[in-house]
Every structure is written in structure tokens, then in C-alpha cells.
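Report on one structure; see the data block that follows.
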Number of protein chains: 2
Amino acid sequence: MTITQNIKVAVDAVVFGYNSTDGLSILLIKRKSDTFHGTWALPGGLVHEGESLEQAVTRELNEETGVSINYLEQLYTFGKPERDPRNRVVSVAYYGLVKPDIFKLKAATDASDVAWFEVKKLPTLAFDHNEIISEAIKRLKGKITYEPIGFELLDEKFPFSELEKLYMTVLDRPLDRRNFKKKIMKFGFLEETNEKQSLSGAGRPGNLFQFNQEKYFQLKKEGINFEI
Amino acid sequence: MTITQNIKVAVDAVVFGYNSTDGLSILLIKRKSDTFHGTWALPGGLVHEGESLEQAVTRELNEETGVSINYLEQLYTFGKPERDPRNRVVSVAYYGLVKPDIFKLKAATDASDVAWFEVKKLPTLAFDHNEIISEAIKRLKGKITYEPIGFELLDEKFPFSELEKLYMTVLDRPLDRRNFKKKIMKFGFLEETNEKQSLSGAGRPGNLFQFNQEKYFQLKKEGINFEI
DNA sequence: GCAAAAGTGTTTCAAGTACACCCATGT
DNA sequence: ACATGGGTGTACTTGAAACACTTTTGC
């Protein structure tokens with residue numbers, strides 16, 4: 001019954017960023033170590049002795065990419081014996097969402113070893129990272145329909161069309177503008193401001209909206225259930 | 001960057017059994033090792049080097065309880081540094097469902113160190129196992145509403161009322177008999193047989209039904225979505 | 001014959017879906 | 001003036017919810 005186990009525990013992060021022109025993107029890093037050298041991979045690494053899994057993800061993200069995360073949730077744990085060719089590594093995958101300013105910022109700072117890739121144009125990744133990403137996308141699709149986490153990918157204040165486009169992008173299907181707005185506004189946690197969007201090109205500028213999280217939590221406690 | 005990590009990887013299993021008299025129950029074992037000696041806990045243990053996480057759960061369940069599982073799904077990974085007082089253990093929790101015959105069988109064989117506990121009458125458990133169970137129940141509640149996994153807790157053939165009671169027990173709310181039956185039967189994967197229930201007491205015996213899994217998978221491919 | 005459980009339809013109400021025209025701005 | 005994107009309401013259809021009496025069996 002005395003087993004000397006030598007399995008490493010790692011975390012990996014699927015970080016999503018969004019804007020209406022590029023769609024949904026994922027943050028990747030180019031590997032520097034021998035295994036899969038030069039290959040793109042998810043940010044992540046071994047968990048330290050004294051830290052929680054969430055702390056490990058946050059730390060690794062900060063070390064490897066410099067981004068700080070806005071919304072973070074555990075996704076799934078990947079543990080096939082052969083998933084790392086060197087030794088046995090069990091990886092607890094997380095997925096996270098960042099606001100557009102962080103998304104934009106890093107796209108600029110880009111030192112060619114950290115980059116955003118549109119989910120439609122992902123390269124082949126190291127280890128089982130493509131599989132992890134496809135699970136993350138599946139989860140995001142599901143989650144966004146019954147929890148209003150979409151706001152975590154938008155600025156504090158945003159035109160309504162941005163939210164609509166986001167949902168269409170993530171769910172990968174068209175949505176009726178009027179019906180979508182009716183549904184969202186009925187919940188009561190989205191507030192309309194008086195400010196107007198500063199549109200880049202032509203078109204009528206729309207009002208800006210903001211998500212009221214406290215109101216949402218309150219409504220949730222009272223038993224509303226958000227669903228798209 | 002060379003970190004000598006000494007974290008152990010374990011698996012724990014929340015195994016659900018069901019019958020209409022006792023309701024929903026969970027399989028627990030009484031601990032024999034020093035830490036938490038004599039305390040009830042979830043079956044589980046350290047993952048071996050060459051096996052997958054699923055294999056580890058199945059093996060541990062077999063070694064510790066003798067039950068073989070019918071439906072198994074990863075739940076969540078628990079990794080707080082202090083969750084095991086001895087050393088750092090990250091535990092990948094699974095939940096599983098067993099058919100009534102296995103549920104019954106083990107209740108009889110019971111050597112007082114393996115037992116079923118009704119979810120309403122759980123003792124205080126070792127480690128963070130109470131927390132794991134409450135997550136498992138939450139997940140089961142959610143899952144059973146959008147995937148027909150309830151059948152994994154019933155016999156091959158069962159009276160319709162069993163399914164109805166199961167849903168009421170798990171969801172912890174009343175359901176209208178006629179509306180529930182309408183909804184389930186509309187999907188088309190539940191088949192009515194000519195056999196009749198052999199009722200123990202008084203009452204009109206009902207027809208037995210069976211779940212047609214192939215038909216369900218086919219319908220799922222064609223894009224139905226089950227939802228209660 | 002009475003208690004226990006199963007079987008069965010209709011009506012009402014709420015939510016989902018489909019759909020088209022006008023408005024404000026930039027060029 | 002025209003191209004671009006934003007804003008808005010109604011009619012129709014479908015699904016959800018509420019609801020009560022009859023039938024078969026054991027005792």
C-alpha cells in the first residue's frame with residue numbers, strides 16, 4: 001500500500017479575448033524549452049507547493065504573458081499517462097476571460113513569443129492543448145447561455161450591438177436583434193446610460209450600456225434564471 | 001526554473017445509488033489509516049504511474065468497495081494546499097451512477113466499513129469530502145435536466161413512476177405527472193414494453209419502460225435537445 | 001368496498017419566433 | 001444623397017403549466 005508516486009501537477013490556461021473585428025481569440029505562448037521547442041502552446045506550468053491551483057494559474061499567466069485575468073474558472077483535468085512525452089503530468093486546465101483593453105494592450109506589446117490567435121485560425125499546438133481548447137470553447141458556449149459572463153469580455157460600457165455580436169460569434173449562429181434585446185433587457189441587470197458610442201465610420205451612434213453585477217447577484221438570489 | 005515538486009495526485013469518487021424508498025444515496029467507506037481513522041470518507045486514493053485518471057477511479061472503487069460503476073464523469077479538481085493535513089494532495093473528483101441491483105447488493109454485503117448513506121443524512125466526512133459531495137449533487141441536478149442520465153440509476157426496465165420519482169428526488173421539487181410524461185415521451189427514446197410492474201402492495205401495476213440509448217444518440221446527432 | 005397507485009386530455013397563459021421600416025451619423 | 005449601423009412593435013405559433021376523474025390491483 002506504500003506507493004511512491006511521481007506525478008507532476010500543472011495548470012494550463014485558455015484565455016479568451018474578444019473584439020468585434022477579430023472575433024474570439026486565445027492567448028498563446030511560443031515554447032522555449034526543449035520539448036516542443038518553438039511550438040505554440042497554452043500558458044501554464046507546474047504548481048508550486050504552497051499555492052492553490054488558482055494562484056498557480058494567475059502566477060503563470062502573469063509570468064509568461066503579463067496579462068491579468070478578469071474571470072477565471074476551472075475547466076477540466078487532463079491526465080492521460082502519455083500526454084506529456086517527458087514524464088507523467090496531470091494538468092488542471094482553466095479558462096479565463098479578459099476585457100478588451102488588456103486584449104488590445106498585449107496584442108501591441110507582443111514580443112513574438114506571446115500572441116493572440118483567432119479561434120478560427122489556431123495553429124497546431126504542443127501536447128494535447130488543441131483538445132483542451134476545444135473543450136474550453138464548448139464550455140464557453142454552454143456557460144454563456146445560462147450565465148451572463150459575456151460582459152467579462154466587453155468594456156465597462158459598450159453599445160448593445162457589441163453584446164449581440166459577441167453572442168453571435170461565440171454561439172456561432174445568427175440572433176434576431178429585436179428578440180435578443182427584448183430578452184436581455186427583461187432580466188433587468190443591464191443598464192442604459194446616456195452616453196453615446198463614438199462610432200469609427202458611418203452609422204447612427206448607439207447608446208452605451210453597462211452590466212450591473214450587484215443587481216444580477218441579487219436577482220439570482222431571488223431566483224431568476226438567465227438563459228439565452 | 002527547476003522546481004522539485006512533491007504533490008500527490010489522487011482521485012475520489014462520489015457514487016450515487018437510488019431507489020424510490022430510500023431516495024438518493026452515496027457510497028462511503030470507513031477510513032482505516034491514521035489520519036481521520038474511523039471517519040467516513042469518499043472512496044478514492046492515489047493515482048498509479050501508468051494509469052489514467054478514469055482507470056484509477058475504477059480501480060479504487062473496485063478495491064475499496066467492490067462496486068463496478070455504470071456511468072462515470074469527472075466532476076472537479078480540488079487542490080487547496082491545506083486540504084490534506086499530511087502533505088499536498090490534489091484530488092480529481094469524479095461522480096458516478098450505479099444501477100439498483102448493485103446498490104441493493106452492496107447494502108446487503110455491507111461489512112460495516114462500506115455503506116450507503118442517504119444524501120439527506122450524511123455524516124461529517126474526512127478532508128473536504130462534504131464539499132466534494134455538495135458539488136456532485138449540484139452537478140447531478142444540473143446534468144439530469146439536460147442529459148437523460150437518470151436511466152443510469154434505474155433498472156433496465158422500470159415503471160414510469162420510478163423515473164418520475166427519481167426526478168422529483170434529485171431536483172427536489174414536485175413535478176406534474178401528466179406534463180412530465182408528455183415531455184419525456186415526446187423525445188422518442190423511451191420505449192413502452194408490454195410487461196407489467198409487479199407491485200409490492202396495493203395499487204394498479206404500471207407498464208414497464210426502457211431507455212433506448214442508440215435511439216437517443218441518433219436523435220442527439222440529429223439535434224434534439226433534451227431538457228426537463 | 002376501500003385504499004393505493006397508474007393512466008389519461010384539455011384549456012389557459014407565457015414565451016419564442018418571424019419579420020420591415022425609419023432614424024442618426026459620416027463621407 | 002447615399003451608405004452604414006442603430007432603434008423599435010406586432011402578429012403568430014409553440015411550448016409550459018394547471019388541473020380531476022377513472023381504472024386496476026391488494027387487502
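Computed from heavy atoms alone, side chains included, the values below leave out hydrogens, waters and symmetry copies.
The heavy-atom pair separating I69(A) from L72(A) by the smallest distance is CG2-CB, 4.2 Å.
Nearer to the 5' terminus of DNA chain C, by closest-nucleotide assignment, is the contact made by P205(B) (compared with the other of P205(B) and K196(A)). Summary of the strand contacts: R204(B) and R204(A) both lie near DNA chain D, and taking for each the nucleotide with the nearest heavy atom, the more 5' one is attributed to R204(A).
Among residues at least two apart or in separate chains, salt bridge (charged side-chain N to carboxylate O under 4.0 Å, His left out) pairs with a member in residues 148-159 of chain A are K99(A)-E156(A), K157(A)-E195(A). Pairs of residues two or more places apart, or lying in two chains, never qualify as salt bridge (charged side-chain N to carboxylate O under 4.0 Å, His left out) while including a residue from residues 173-190 of chain B.
Not counting sequence neighbours, the partners of F117(A) by the ring-ring contact (aromatic ring centres under 6.0 Å, His included) test are W40(A). Under the rule for a side chain to side chain donor-acceptor pair (under 3.5 Å), the partners of K196(B) that lie at least two apart in sequence or sit in another chain are N207(B). Under the side chain to side chain donor-acceptor pair (under 3.5 Å) criterion, Y216(A) pairs with E147(A), sequence neighbours left out. Scored by the side chain to side chain donor-acceptor pair (under 3.5 Å) test, E214(A) finds no partners at all (sequence neighbours excluded). Partners of K138(A) under the side chain to side chain donor-acceptor pair (under 3.5 Å) rule, at least two apart in sequence or in another chain, are E135(A).
Between H129(A) and F127(A), the angle of the ring planes lies from 30° to 60°, which puts this pair in the tilted group. Ring geometry for F158(A) versus F151(A): interplanar angle of 30 to 60°, hence tilted. A perpendicular orientation is assigned to the rings of W116(A) and F103(A), their planes being inclined by more than 60° (bins at 30° and 60°).
With the end axes of the helix from dG1(C)-dC27(D) to dT27(C)-dA1(D) each set by five pairs, the angle from one to the other reads 0° at 10° resolution.
Within residues 176-183 of chain B, the residues that have a heavy atom under 4.0 Å from DNA chain D are, in order of number, D176(B), R178(B), N179(B), K182(B), K183(B). Of all the residues in residues 141-173 of chain B, S161(B) reach under 4.0 Å from DNA chain C with at least one non-hydrogen atom.
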Without placing hydrogens or testing angles, list every side-chain donor-acceptor pair under 3.5 Å for residues 159-169 of chain A, not counting sequence neighbours.
from	atom 1	to	atom 2	distance (Å)
E162(A)	OE2	S20(A)	OG	2.9
Y167(A)	OH	I144(A)	O	3.1
T169(A)	OG1	K165(A)	O	2.8

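In summary, contact between chain B and DNA chain C, defined as any nucleotide atom under 4.0 Å from a heavy atom of the protein, begins and ends at dA4(C) to dT10(C) in the 5' to 3' direction.
Residue-environment remark: NZ (K80(A)) stays at or below the threshold of 12 foreign heavy atoms within 6.0 Å.
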